[in-house]
Structure formats: C-alpha cells, structure tokens
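Order of listing sets the numbers, starting from 1, for every ligand and every atom in it. Side chains are part of it too, since the values below use all heavy atoms of this structure and drop only hydrogens, waters and symmetry mates. It should be emphasised that the depicted structure is a prediction, and the values quoted were computed from it without experimental measurement.
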Amino acid sequence: MKPTRLATAAIAAVALTVPLTLVASAAPQQLGDRPGHAKKETLRSAAPKGFYIGTAVAGGGHHEEQPYPDPFSSDRPYREVLAAEFSSVSPENQMKWEYIHPERDRYNFAAADAIVRFAKQNRQVVRGHTLLWHSQNPEWLEQGDFTPEQLREILREHITTVVKRYAGRIQQWDVANEIFTDTGALRSENIWIRELGPGIVADAFRWAHKADPKAKLFFNDFGVESVNAKSDAYYALIKQLRAEGVPVHGFSAQAHLSTRYGFPGDLETNLKRFSALGLETAITELDVRMDLPESGVPTAEQLAQQADYYQRTLTACLNVDGCDSFTIWGFTDKYSWVPVFFEGEGAATVMWDDFGRKPAYYALRSTLAKR
Ligand code: 9MR
C-alpha cells in the first residue's frame, strides 16, 4: 500500500487501548460460532485439511519504529497465540530487502531464521515476502550508483542467496510485489523495472525457481481483489509469462480492505479467472480497517460489518480451487500497521490488544468449521 504516513502518538495511543467492554460482549453464540466444538477451537484446527490459515509475523523494524520492542522476539503470549491459531506465517518485514540485506556485502538472517525455525516447530508453512519490490529497499541499493549489469547481478545474487537459504521450508514466495499501478502501468518507482526493463521480472522468477524448485512463486498486490485495470494487467502478464515457460505459479490478492468502501463482490470471480490459467491463488494480507469513533472503540455495527468482510473474503477463497492459503495481516490490533499509516482508522484485525476475539475472529472460525 502507499497510504499517507500520518503516525502520531495520539493515534498510536488510541490503538493501544483495549476495549474490554467489547471483548466481554463478543459472545461466540451470538456471532454464529458453534458451541461444543472442542476440536475446532482455533482457526487452524477448524480449517479443512490442506487449507492454510496464516498471519503476518509482527516485527522487523516495526512500522517505522513503533515504541514497543520487537513483537515476535519479545512478546511470549503473542507467540503462543501465533502457534495455536495459525498454520502459515508470513514475515511482516523480516525478509524484506532493507531488513535482510542491510549492506551490500552483509545479510541479516537472524530474524527470518527464527521465524522459519518457529514455523517448523509448530508445524506451520511459511510465505516468503518479498524479493522484487519498489519499497523498503536499503539505501545502499536505492542511492547506489550501479551499472545495469551490476544491478542485475545484485538482484540475482540476492534472490539466489535468500531463496536457497530457506529452500524446502518456504511454501510460497511473493517473488514480485506490487509491480503495477492502479491503472495497470508498471510502477516507475520500482528500481529493477526502471533500470533494467520489464524483462527483469521474468528473470526474478527464473532465479527463484532455480534456487528452490519446490516453492510456489507468486505475483502479489493490493487493489487486485476485483476485476479491474490492475488485475487485468496481472492477468495479461502472467498469461504471457506462462506461455513463455516462465515459472510463475500463483497470483495473490493482499486484501487490505476498509469498511469505508463496499466489499469487492467479484473477488471469487476474479480469483477463478487466475485459477483457470492453471495458477494457485491466495489471500495474503487481509485486514479490514474502519474509521474509529472518538472513543476509539468501534461500535457493534462496525464490528459486524468487519466480520462480514472477513467472512466473505474467506468464503471467496474457499470457493476457488487452488486457493489454499489465506493470510491475515496480523492478528492483534496491538501490532497492526493500520493506525500508523491511516490517521483516525484502526481496529483492523480479528483480535483486540489483549488477544480477546472479535466478531471477525468467530466469523472466520465458524466459516472454516463448516467446510
Ligand atoms: O506491515 C508492514 C509495515 O510494518 C511496514 O512498515 C510497511 C512499510 O511499507 O509495510 C507493511 O506491509 C506491507 C506489505 O509488505 C506489502 N503490502 C502492504 C503492506 C501494508 O503496507
């Protein structure tokens, strides 16, 4: 996403307030949960076999340096919920260029290694994020004075090194992230495409495939939930690349939704057209933000609308063959990126700051349990 960055202490403070009254009032029965489902009490245990329910793992220079310690490495209750509820994890920042490759000749694998290790211990798969992007690149790269040959070699070396390191342990890689604008043009701020031309995208997929032939390689973007100019651009590009034999295996919609806008009702139709190309599809970063009332506490109606958006996104994915990976972008408001990037908005995840479950949580769980 490229929202305006309007982080203020006041907004962060609102986000960190736990609306306990609502935690208590979110009775599961009232929200369609099926009582007595002992074995289906977590999202992962409710999910049908072979369907991965994931979350972003908070950390890695979190949201432009929020005033709390690194969530994944320092918040134990957070890790417990992460292990109990999810069968897939996506490093929120820890595999991005600026974090994992901070200097030209130095990698920083510690945080990514820890997540991959954690995932193994907890029988979780990992979504790697991301290898070719216009954002969160280190300064040495963006400000560097490289020839096209050098840049190409830098990308090849990075992809090979990172993908090989986790080979066999990453289920899906977001190889190319957010390469198109809303009108379906290639983004000129993407250093790789700008300096090396669009052909570099195919090379990125080829290098990733060579480094880990088992990983499924994805194009990932926001604003592509519907059939629109941007998703059309992906459709055309992927069709062309596959005809040329480029190893592209998947297309994913991030799904950063807002109750300000209507639900993208053609999500299922859109995913199905990619599936018809022989691709896997996925939802990779779902959250549903809302305008917070002055109290900072969402109303019951807002929470119901949010739950509805979560449920419909999940249902769309469940209805598409090959959409087996459904990831929410963080599970607790405590560490959500939303209030940091969107002034006055928040409460976008399925749990309150204290991990109390919102209607959206129960909506996801009961939808999974019914399959
Ligand atoms: O959640 C991430 C946040 O911590 C970072 O500060 C931000 C910087 O761009 O990136 C956020 O994650 C983004 C993801 O990598 C790609 N799609 C949009 C996500 C939300 O901005």
Less than 6.0 Å separating the ring centroids of [X] and [Y]?
X: F274; Y: Y235; answer: yes
X: F331; Y: Y78; answer: yes
X: W192; Y: W207; answer: no

Contacting atoms of ligand 1, where contact means under 4.0 angstrom from a heavy atom of [X]:
X: H63; result: 3 (C), 4 (O), 6 (O)
X: H129; result: 14 (C), 15 (O), 16 (C)
X: N93; result: 2 (C), 3 (C), 4 (O), 5 (C)
X: E178; result: 16 (C), 17 (N), 18 (C)

| query | Do any heavy atoms of N177 fall under 4.0 Å from ligand 1? | reply | yes
| remark: Here the disulfide bond (SG atoms under 2.5 Å apart) pairs for residues 271-342, sequence neighbours left out, are C317-C323
| remark: For residues 176-275, the disulfide bond (SG atoms under 2.5 Å apart) pairs (sequence neighbours left out) are none
| Which residue from F341, Y335, W337, W329 reaches closest to atom 12 (O) of ligand 1 through any of its heavy atoms? | W329
| message | Minimum distance, heavy atoms only, to atom 13 (C) of ligand 1: which one of Q136, K96, M95, E98 is it? | response | K96
| task | Decide whether a cation-pi geometry holds between R127 and F218; the criteria are a distance under 6.0 Å from NZ or CZ to the six-membered ring centre and an angle within 45° of the ring axis. | result | yes
